[in-house]
Each structure stands twice: as C-alpha cells, then as structure tokens.
There are 2 protein chains.
Amino acid sequence: MTSTDRPVSARTTRQRRAVSAALVDITGFCSAQEIHEIVKRRGDAVGLSTVYRTLQAMADADEVDVLRTDEGEALYRRCSSGHHHHLVCRDCGRTVEVEGPTVERWADRVAADHGFADVSHTLEIFGRCESCG
Amino acid sequence: MTSTDRPVSARTTRQRRAVSAALVDITGFCSAQEIHEIVKRRGDAVGLSTVYRTLQAMADADEVDVLRTDEGEALYRRCSSGHHHHLVCRDCGRTVEVEGPTVERWADRVAADHGFADVSHTLEIFGRCESCG
DNA sequence: ATCTTCATGACAACGATTCTCATTCCCGAG
DNA sequence: CTCGGGAATGAGAATCGTTGTCATGAAGAT
C-alpha cells in the first residue's frame with residue numbers, strides 16, 4: 001500500500017460549479033439553505049442534499065470556512081487559504097479575515113503551560129460595522 | 001414604568017436544585033442529554049424539557065458557560081463569573097478556565113481598526129491533556 | 001461509443017432542541 | 001396554616017437543520 005487511500009474523487013459537475021459560483025456572489029457567511037436559495041435564484045437547479053454535500057466537501061478541502069451560529073446552525077463562506085480568523089458584522093454579516101500571530105502564540109503557550117498537546121483553537125470577533133452603525 | 005420588567009421568577013424547585021447539583025459533579029462540558037442522564041443517575045427524576053429549560057435559564061444568568069460542538073450540539077458547564085475562555089481536552093473534556101487580557105485587547109483593536117463597534121468575541125482552545133496523552 | 005463509478009436528488013430518517021398544554025406545586029397573602 | 005394564582009413541570013408532539021437511502025443520471029477513462 002504505497003498510496004494513501006484517497007476517499008475523494010472531485011468530479012466536476014454542473015452542480016458543484018453552481019455552488020462555487022454562488023459562493024463568489026456572497027460577502028458574508030450564509031447557511032446551507034441560504035446558499036441553496038442563492039443557487040436557485042441564479043437559475044441553477046441543485047438539490048438541497050447536493051448543496052450540503054458540496055459545502056461539506058469544500059469545507060474538508062479548506063475551500064470554505066465554517067462557523068456556527070449561537071443556535072448551532074452552520075454558516076459557510078469561501079475563504080483564503082491559510083490559518084485566519086474572522087471579524088463578522090452581526091447585523092449585515094460583512095466579514096473581514098484577520099490574522100493574529102500574537103494570539104496563535106498565546107494560545108499555544110497557554111495550552112503548553114497546562115500540559116495540553118495537539119493544540120488548536122477557534123476565535124471569531126463579532127461587532128457592528130460602520131455601515132450598520 | 002419605573003421598574004425594568006423582570007422576565008424572571010427564579011422559583012426554587014426540586015428539579016432546578018437537581019440540575020445545579022449535577023453540574024457540580026462534572027468537571028468538563030456536558031450536553032443537555034448527558035446532564036439529564038447524570039441527574040437521573042443521582043436519583044433525581046427530572047424531565048428532559050426541564051433540563052433544557054433550566055440550562056438555558058442558567059446560561060442567560062451567566063451561571064453556566066455554553067459552547068458548541070463541531071456538530072452543533074450545545075455543551076454546558078458551570079463557570080466562574082467574569083469574562084474568561086476555555087482550554088478543553090478534546091478526549092476527556094477536562095476544562096481549564098483561562099484569561100487573556102492581551103487577546104481581549106488585540107480583538108478590540110482589530111475590530112476598531114476596521115470600524116466595528118460593540119465588539120465581542122469567542123475563543124476556545126482545544127488539545128489533548130496529559131492524562132489523555 | 002461504452003462502461004464503470006461517482007454524483008445527484010426526492011424523500012425518508014434522525015437527533016437535538018423547542019413547543020404545547022394539562023397538571024403540579026412554590027410561595028406569598030390572608 | 002391554608003388558599004389561590006401563576007410559574008414550573010413533563011410527556012409527547014412538533015420543528016428544523018442535517019444526514020442517510022437508493023434508484024437514476026452523468027463524468028471521464030478506455
């Protein structure tokens with residue numbers, strides 16, 4: 001077994017292109033169902049299941065970011081590669097990607113101080129942007 | 001209307017005492033259903049609905065912290081008052097409350113730099129603790 | 001063009017959470 | 001102490017996001 005078993009396939013289909021295209025249109029985080037709506041509104045017919053599957057695949061491939069509402073709903077948004085966090089307007093959803101090397105180091109150090117290994121973290125900032133002021 | 005309308009009542013019942021008691025027993029974050037189980041195991045009979053209601057009320061009163069699994073499930077844990085974050089073992093759930101004044105300032109500054117007001121943030125650190133190493 | 005296989009979609013199923021509403025019981029007024 | 005009103009409870013139904021099922025459709029290799 002020299003090759004790591006690839007669970008993937010990544011077959012290019014009309015539906016996947018439609019979801020990707022819809023993601024380009026949005027600026028903030030959207031739920032799977034909202035994205036399904038957007039796809040429909042663009043004139044592409046894609047089943048809801050497929051939207052869910054596609055978004056999940058993209059999330060696995062780090063092509064979209066996922067975050068959770070207070071109510072537990074998953075929100076998606078296309079993202080730049082690499083580790084980053086988000087500054088999200090809680091009114092209009094406008095999102096700014098931010099980086100914080102200081103924070104990364106702080107988190108790793110805190111974890112190490114307590115004997116924790118294999119460290120990861122989640123960090124999101126919420127506020128109201130100027131246009132929504 | 002001189003008095004701020006208090007939506008609350010906080011009537012002391014056997015069930016609420018049972019949930020609070022169960023929360024004392026646990027060290028990590030537990031789901032509402034797990035807490036329901038713990039309450040039952042302790043010999044107190046409390047309906048699942050009531051556990052949910054009680055936990056929500058306690059969360060509103062900042063008596064418990066809530067965080068969300070990747071799968072969107074809500075986890076609860078009794079907490080100290082004041083703003084703090086968590087270092088959670090992703091295997092056993094053991095939790096350490098941590099503070100990070102630096103991070104707070106960083107988040108506020110980043111938000112301000114982008115014109116965001118009324119800022120809040122979420123931050124959790126995950127890892128594997130020594131006992132689970 | 002053909003064939004193999006992955007992808008799709010309508011719908012059922014699932015699981016966490018919330019709602020409903022008849023009943024229970026906390027607690028302050030009398 | 002007793003009563004009465006209204007909050008609290010709980011069993012089960014309902015909700016809602018999400019995932020599973022499986023027959024059909026379509027990429028892409030040969």
Side-chain angles (χ1 to χ4, degrees), chain A residues 3 5-23 26 29-61 63-77 93, chain B residues 3 5-23 26 29-61 63-77 93:
Chain A
S3 68
D5 50 288
R6 310 205 162 280
V8 294
S9 40
R11 190 171 282 186
T12 308
T13 66
R14 177 183 62 77
Q15 290 85 340
R16 289 180 189 180
R17 261 179 271 120
V19 171
S20 292
L23 283 168
I26 66 179
F29 279 90
C30 289
S31 70
Q33 315 223 18
E34 285 171 335
I35 290 167
H36 181 228
E37 278 303 314
I38 293 167
V39 167
K40 225 189 301 185
R41 205 169 301 133
R42 288 173 48 94
D44 300 306
V46 179
L48 182 55
S49 306
T50 300
V51 172
Y52 272 105
R53 274 187 299 241
T54 302
L55 288 171
Q56 237 172 284
M58 294 181 81
D60 289 345
E63 290 168 30
V64 296
D65 287 327
V66 189
L67 63 79
R68 292 265 168 191
T69 316
D70 280 349
E71 294 81 43
E73 191 179 19
L75 303 182
Y76 303 86
R77 178 177 180 276
Chain B
S3 69
D5 50 286
R6 308 202 164 285
V8 293
S9 41
R11 190 172 281 187
T12 308
T13 66
R14 175 183 63 76
Q15 290 86 340
R16 289 181 188 178
R17 260 178 272 120
V19 171
S20 292
L23 283 169
I26 66 178
F29 279 89
C30 290
S31 70
Q33 315 225 18
E34 285 171 337
I35 290 166
H36 181 229
E37 278 304 313
I38 293 167
V39 167
K40 225 189 299 184
R41 204 169 304 135
R42 288 173 48 95
D44 301 305
V46 179
L48 183 55
S49 306
T50 301
V51 172
Y52 272 106
R53 273 186 299 239
T54 303
L55 288 171
Q56 236 173 283
M58 294 181 79
D60 288 347
E63 291 167 29
V64 296
D65 287 327
V66 189
L67 63 78
R68 293 265 170 192
T69 317
D70 280 350
E71 293 81 44
E73 191 180 17
L75 303 181
Y76 303 86
R77 178 174 180 277

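A note on names: the letters A, B, ... follow the listed sequences, proteins ahead of strands, and every chain is numbered from 1. Quick caveat: nothing in here was measured; it's all calculated off a predicted structure.
Residue order along DNA chain C, read from the 5' end via each residue's closest nucleotide, puts A/L48 first among A/L48 and B/T13. When each of A/Q33 and A/R53 is assigned the nucleotide of DNA chain D bearing its nearest heavy atom, the one mapping closer to the 5' terminus is A/Q33.
When heavy atoms are screened at a 4.0 angstrom cut-off, B/A45 is found touching the sugar-phosphate backbone but no base atom. Contacts of B/E71 with the nucleic acid, taken as non-hydrogen atoms under 4.0 Å apart, are absent. Across all strands shown, A/Q56 has heavy atoms under 4.0 Å from sugar-phosphate atoms exclusively, and none from any base.
Applying the 3.5 Å distance criterion, the base of D/dG20 shares a donor-acceptor pair with the side chain of A/S49. Between the base of D/dG17 and the side chain of A/S31 there is no donor-acceptor pair shorter than 3.5 Å. For a distance-only test at 3.5 Å, the side chain of B/R11 fails to qualify as a donor-acceptor partner of the base of C/dG28. Residue A/R68 places no side-chain atom within donor-acceptor reach of the base of D/dG17, judged by atom type and a 3.5 Å distance cut-off alone.
Look at CZ on B/R17: it is 12 Å from C1' on C/dC25, rounded to the nearest Å. The separation between A/Y52 atom OH and C/dA7 atom C1' is 19 Å, rounded to whole Å. Atoms CG (A/L55) and C1' (D/dT19) sit 14 Å apart, rounded to a whole Å. The NZ atom of A/K40 sits 13 Å away from the C1' atom of C/dG9 (whole-angstrom rounding). Distance CZ (A/R14) to C1' (D/dG28): 18 Å, rounded to an integer number of Å. Between the CD atom of B/E73 and the P atom of C/dA16 there is a distance of 6 Å, given to the nearest Å. Computed from coordinates, the A/H36 NE2 to C/dC11 P distance equals 13 Å when rounded to whole Å. Rounded to an integer number of Å, the gap from B/L75 CG to C/dG15 P is 17 Å.
At D/dG10, one or more side-chain N or O atoms of B/T50 fall inside 4.0 Å of OP1 or OP2 (strictly under the cut-off).
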Let me see the working for B/K40 and B/E37 under side-chain contact (heavy atoms from CB on, under 4.5 Å), right down to the final yes or no. CA-CA 5 Å; B/K40 225 189 299 184; B/E37 278 304 313; 3.4 Å; yes
Does B/S20 form a side-chain contact (heavy atoms from CB on, under 4.5 Å) with B/M58? I'd like the steps, not just the answer. CA-CA 9 Å; B/S20 292; B/M58 294 181 79; 3.8 Å; yes
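Panel note: side chain A/H36, backbone A/V46; a donor-acceptor pair is recorded below 3.5 Å. Using modelled atom types, no side-chain atom of B/R68 and backbone atom of A/E73 make a donor-acceptor pair closer than 3.5 Å. Formation of a donor-acceptor pair under 3.5 Å by the B/R77 side chain with backbone atoms of B/C30 is not found in this model.
The nucleotide whose nearest atom lies closest to any side-chain atom of A/T12 is, among D/dG28, D/dG17, C/dT17, D/dG28.
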